[in-house]
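Here is how names work: the chains are called A, B, and so on, in the same order as the sequence lines, proteins then strands, and each is numbered from 1.
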2 protein chains.
Amino acid sequence: MAKTTPDESVPVRQRGVTMKDVANHAGVSRTAVSFVLSNRENASISEETRARISDAVQELGYRPNAGARALAARRSDWYGIVTEIVTAPFAVDIIKGAQDQAWLDRRFLLIAPSDQADAVGPNDGLEDAATEKLLEQRVEGLLYAATFHRGVHVPESAKEVPTVLINCFDADGKLPSIVPDERAGGRVAVERLLQAGHTRIGVINLDPDIPAAVGRLEGAREALALAGLELDPELVVSGYATADGGYEAACRILDRYPPADRPTALFCLNDRMAMGAYDAIKERGLTIPGDIAVIGFDNQELIAAYLRPKLTTVALPFEKMGALGVQTLAALTAGQPILANQQLVGCPLLERSSV
Amino acid sequence: MAKTTPDESVPVRQRGVTMKDVANHAGVSRTAVSFVLSNRENASISEETRARISDAVQELGYRPNAGARALAARRSDWYGIVTEIVTAPFAVDIIKGAQDQAWLDRRFLLIAPSDQADAVGPNDGLEDAATEKLLEQRVEGLLYAATFHRGVHVPESAKEVPTVLINCFDADGKLPSIVPDERAGGRVAVERLLQAGHTRIGVINLDPDIPAAVGRLEGAREALALAGLELDPELVVSGYATADGGYEAACRILDRYPPADRPTALFCLNDRMAMGAYDAIKERGLTIPGDIAVIGFDNQELIAAYLRPKLTTVALPFEKMGALGVQTLAALTAGQPILANQQLVGCPLLERSSV
DNA sequence: CGCTGTTGGTAACGCGCGTTACCTGCCGGG
DNA sequence: CCCGGCAGGTAACGCGCGTTACCAACAGCG
């Protein structure tokens, strides 16, 4: 039914000016042009002809053909990134970071969506079709990025080129991965609350099984332990990772105790839940941070920066992870060793007005 | 100092299997392989050798080289999109829509960021460097996408290939563009409020000069006119396009009148301002939508879907604009005529709970 | 004068593939 | 017997470019 080729009616392309044209115009050989353009230092070209060639390039508006160059040089200067982020843009900053870094390295980042309609098989991981497409473009390395920190399954064919995982990790732990340091993030959040004098801290938890929840909670425990305190299991309530879930969880915590025993601070494991917690607190005539301090996690700008009062939260270092992913990939493709198989990236605390 | 080429130490690439390998393995000529792979119907290849070739492809794990194919066929099947969206992801759905549509068309969408550090000149428009890079890849068409509806300046070199603007337009109006129908959106918002019985409607306006404000306000006036009403200029207040701006504007409107004269509905020209308006309303002990109905614009999921009550708003059709952009580009590159130079895309009303 | 470098280039090959022109049987019809 | 036509291929060229091998002219030197 559908053709595999886009359309059969081949339109007339603008005939681009090639190196041969430049050579003719400058009265030299094509080889000389190639030498000048690739800036070969050991090649011997006189300053004079070098200038003539540069002029010809200018005058004709020559633009190199990246594809032909890649073919001849057997290196494409392309990386590929497979991601569901385009679809679920929560972590779009990963792409930004990777894109920027690749640009700095004079490389092109091909972005392939991982959840297309023609994808087959169980969508537990990142897709084969996208990987295949990227390999057809002869990318020199692959990145896989997930919207939230989790384990993924990477297609077999990815093993053909250097591969780095961002915000995710593979089950067997063979591939290098870049993930947020959830534990340190949880710790810094609770340390901030302790520093503000709060000792009775409620925790609004995510699905307890996901890496984010495990790590952040562990960090919270560490911070309390360092202060000689323990995490009261009663003060940890889980809910759906939404504003409604946060609202309900906050209600449960706030209504369970008489005002004197009530926690004076809430650590919400994501900003959406913090958003709901705000409502629960305000609804009870309490103020933030006067009566209840709130600290979030994720730094979803649209929420954290616009809540009233603005939400103090721990940021996920998406952009940095993206950049680090590309750097790691660059090291791998250059045959250099990398520091560690799993690199943890710190989650900085962003002070706003809710603590 | 910095080399123009990424790194000089060329690593050993995996030697990919080529069509020649397949041909040898199947005992036929490379031409035969090419014919089979490109599915040429007029070529005469017996079913038997056709099968032998397919088997060889499977066994060797042959993967076509997209770059070489593009070179030989003189068509790349690539489009390029230049956008600042990667950086300011508000409208990231444009990319998603374009990406999906391109994928359906079996084309690859190269995404180039338009606000890189090495960009030169006044950053009033979309960048030359990115365009140049994409043309070096021999993209067959270009898309330019902006995060918010506005006029842009497109580089000269973009004229070399078919070009379509998404969520923006060029000053001279020569290039085809896809933009949201702001006017219809404003009308549908106010119609919804009228339908709910509101006749005294406050408007929280954006910077009055931008296309979004002009169009949406005009639509609001139209809706009122159809109902035999006029827009009271006193009820239109402008503010910064933030939650704080919305809060302040809402306070001004709400506090200006005694309860009896107070508007019973607020049309906020974006969701962030609606978010602030919520606070102003709740602070005054009023309920949504009981005392004051609120309707937003933009449908920023993170806000609209998580506010309490959830915000009824008018959606910007980012994804659809992206897809339409690619479709328009496909028509252009195929030499087909396009419908109109400026295509307006409808902004659907999303009913939630704030009206 | 012959020999060796050095400077300033060029011819030619190959990267992987699409495409066109051509070639070789073989069969049927006149 | 010859000719035309068709099925089933193949040889060869070119896409735009990187790269290697080679070559001519000339200077210096013993």
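- Rounded to whole Å, the distance from CD on B:Gln137 to P on D:dG16 is 16 Å.
- In this structure B:Phe169 satisfies the ring pair (Phe, Tyr, Trp, His ring centres under 6.0 Å) test together with B:His149, sequence neighbours excluded.
- For A:Thr328, the side-chain hydrogen bond (donor to acceptor under 3.5 Å, both in side chains) partners two or more places apart in sequence, or in a different chain, are A:Gln343.
- Protein atom CD of B:Glu48 is 11 Å distant from nucleotide atom P of D:dG8, rounded to whole Å.
- The shortest distance between side-chain heavy atoms of A:Ser76 and A:Gln137 does not fall below 4.5 Å.
- Here ring pair (Phe, Tyr, Trp, His ring centres under 6.0 Å) pairs that include residues 61-80 of chain B, with residues two or more places apart or in two chains, are A:Trp78-B:Trp78.
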Measure all distances between protein nitrogen or oxygen atoms and nitrogen or oxygen atoms of nucleotides 22-27 of chain C, and list the pairs falling under 3.5 Å.
none

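- Rounded to 10 degrees, the angle between the two end axes of the helix from C:dC1-D:dG30 to C:dG30-D:dC1 is 70°, with five pairs used at each end.
- Taking B:Ser34 as the reference, nothing meets the side-chain hydrogen bond (donor to acceptor under 3.5 Å, both in side chains) condition, with sequence neighbours excluded.
- Under the salt bridge (charged side-chain N to carboxylate O under 4.0 Å, His left out) criterion, A:Arg50 pairs with A:Glu47, sequence neighbours left out.
- Under the rule for a salt bridge (charged side-chain N to carboxylate O under 4.0 Å, His left out), the partners of B:Lys159 that lie at least two apart in sequence or sit in another chain are B:Glu156.
- Of the charged side-chain nitrogens involved, at least one lies within less than 4.0 Å of a carboxylate oxygen, so that A:Lys96 and A:Glu319 count as a salt-bridged pair.
- With sequence neighbours excluded, no residue forms a side-chain hydrogen bond (donor to acceptor under 3.5 Å, both in side chains) with A:Arg30.
- Taking atom CG on B:Asp77 and atom P on C:dC17, their separation rounds to 15 Å, with Å as the unit.
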I'd like a list of close polar pairs between nucleotides 18-21 of chain C and the protein, N/O only, cut-off under 3.5 Å.
| unit_1 | atom_1 | unit_2 | atom_2 | d |
| --- | --- | --- | --- | --- |
| C:dG18 | OP1 | B:Arg69 | NE | 3.0 |
| C:dG18 | OP2 | B:Ser34 | OG | 3.0 |
| C:dG18 | O6 | B:Arg30 | NH2 | 2.7 |

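- Atom NZ of A:Lys20 is separated from atom P of D:dC17 by 11 Å (rounded to the nearest Å).
- A salt bridge does not link B:Arg69 with A:Glu136: none of the charged nitrogens is closer than 4.0 Å to a carboxylate oxygen.
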Please list, for nucleotides 6-8 of chain C, all pairs of protein and nucleotide N/O atoms separated by less than 3.5 Å.
| unit_1 | atom_1 | unit_2 | atom_2 | d |
| --- | --- | --- | --- | --- |
| C:dG8 | N7 | A:Ser44 | OG | 2.5 |

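- The separation between B:Asn24 atom CG and D:dT10 atom P is 11 Å, rounded to whole Å.
- Among residues two or more places apart in sequence or in another chain, the ring pair (Phe, Tyr, Trp, His ring centres under 6.0 Å) test is passed with A:Phe318 by A:Phe90.
- In this structure, the CG atom of B:Asn65 is 12 Å from the P atom of C:dC15, given to the nearest Å.
- Side-chain contact between A:Phe35 and A:Ile53 is absent, with no heavy atoms from C-beta onward closer than 4.5 Å.
- In this structure, B:Arg74 atom CZ and D:dC13 atom P are separated by 16 Å, rounded to whole Å.
- With rounding to whole Å, B:Glu41 atom CD is found 17 Å from D:dA7 atom C1'.
- Residues B:Leu135 and B:Val161 have side chains in contact (heavy-atom distance under 4.5 Å, counting atoms from C-beta outward).
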